[in-house]
Amino acid sequence: MENCIFCKIIRGEIPAQKIYEDKDIIAFLDVRPVNIGHALVLPKAHYLSIYDTPDQLLAALMPVIKKLSIAIKSAVDADGINVEMNNGPAAGQLVFHTHIHIVPRFNDDGFKHWRGARGYSDQEMEQVQNKIKAALE
Ligand code: AMP
Ligand code: ZN
């Protein structure tokens, strides 16, 4: 927490282009945007990622994300919005303070989504389904 860059922004020790703040949540522009208007929305309390963030805080984030998505889309005249969260180094998380990206998208921005070309071998899909259902119990 002491050295967390987002906690430093929340404490006012580092500047940020804030676009939203309430008692539990803050949002500011990403300093290295994928596209203009790219914003980060985060709880003020320091949690590492989705896994340890309390349910009620995650629930409180989504209406703010919705409100900001509408405002950002309008402000930068985006064609679409990606709402995205990286959890863990393998998923590309670099800052270990729970945050959600709002990324404005443009028809001609050239970014490509995953192709999803892997497919499943025989029985594999059902096995994964069963494993996930078992993990939920
Ligand atoms: P992630 O890979 O999901 O952990 O993303 C972290 C994001 O934080 C990156 O997109 C960075 O550009 C952004 N970032 C890092 N430091 C700052 C900062 N001081 N102000 C605003 N955004 C930042
Ligand atoms: Zn933090």
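Just so you know, ligand 1 is whichever comes first in the structure, and atom 1 is the first atom listed for that ligand.
A side-chain contact (heavy atoms from CB on, under 4.5 Å) with Val83 is found for one member of Val103, Leu68, Ile100 and no other, namely Ile100. Put simply, the residue from His97, Lys44, Glu2 that forms a side-chain contact (heavy atoms from CB on, under 4.5 Å) with Cys7 is His97.
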Handout entry: Stepwise side chain to side chain contact (heavy atoms under 4.5 Å, CB included) test for Met62 and Ile65
Key = CA-CA 5 Å; Met62 201 43 105; Ile65 290 165; 4.2 Å; yes

Practice task
Begin with the C-alpha distance, continue with both residues' side-chain angles, and end with the deciding distance and a verdict on side chain to side chain contact (heavy atoms under 4.5 Å, CB included) for His38 and Leu40.
Solution key: CA-CA 7 Å; His38 179 173; Leu40 303 173; 4.2 Å; yes

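For Gln129, the CD atom counts as densely surrounded, since its 6.0 Å shell holds more than 12 non-hydrogen atoms of other residues, nucleotides or ligands. The 12-atom threshold is exceeded at CD of Glu124, counting heavy atoms of other residues, nucleotides or ligands nearer than 6.0 Å. The local environment of CG in Asp122 is sparse, with at most 12 non-hydrogen atoms from other residues, nucleotides or ligands closer than 6.0 Å. Atom CG of Asp55 is surrounded by 12 or fewer heavy atoms from other residues, nucleotides or ligands within 6.0 Å.
Taking a cut-off of under 4.0 Å to the non-hydrogen atoms of Leu94, the atoms of ligand 1 that pass are 1 (P), 2 (O), 4 (O). Atoms of ligand 1 lying under 4.0 Å from any heavy atom of Asn86, numbered from 1 in the order shown and given with element: 1 (P), 2 (O), 3 (O). In summary, the atoms of ligand 1 found under 4.0 Å from a heavy atom of Gly92, numbered by their order in the structure, are 1 (P), 2 (O). Within the listing of ligand 1, atoms 8 (O), 13 (C), 22 (N) sit less than 4.0 angstrom from a heavy atom of Leu40.
Of the heavy atoms in Phe28, only side-chain atoms (C-beta onward) come closer than 4.0 Å to ligand 1. At a heavy-atom distance under 4.0 Å, only backbone atoms of Leu29 (N, CA, C or O) approach ligand 1. Under 4.0 Å from ligand 1, the heavy atoms of His101 that appear belong solely to its side chain. Contacts of Val31 with ligand 1, taken as heavy-atom pairs under 4.0 Å, involve both backbone and side chain.
Nearest protein heavy-atom contact of atom 15 (C) of ligand 1 is Arg32 NH2, 4.0 Å.
The shortest N/O to N/O separation between Ile5 and ligand 1 does not fall below 3.5 Å. The shortest N/O to N/O separation between His99 and ligand 1 falls below 3.5 Å. Checked against a 3.5 angstrom limit, the closest N/O atoms of Asp30 and ligand 1 fall inside it. At least one N/O-N/O distance between Val95 and ligand 1 falls below 3.5 Å.
Residue Phe106 comes nearest to Asp79 through the heavy atom pair CA-OD2, 3.3 Å, listed as atom of the first residue, atom of the second, then distance. When all heavy atoms are compared, the tightest approach of Leu42 to Leu61 is C-CD2, 4.1 Å.
Taking the Zn ion (ligand 2) as the corner point, the angle from His46 atom ND1 to Cys7 atom SG is about 100° (rounded to 10 degrees).
Ligand 1 lies less than 4.0 angstrom from a heavy atom belonging to Ile9.
Looking at His97 and the Zn ion (ligand 2) together, the shortest N, O or S contact belongs to ND1.
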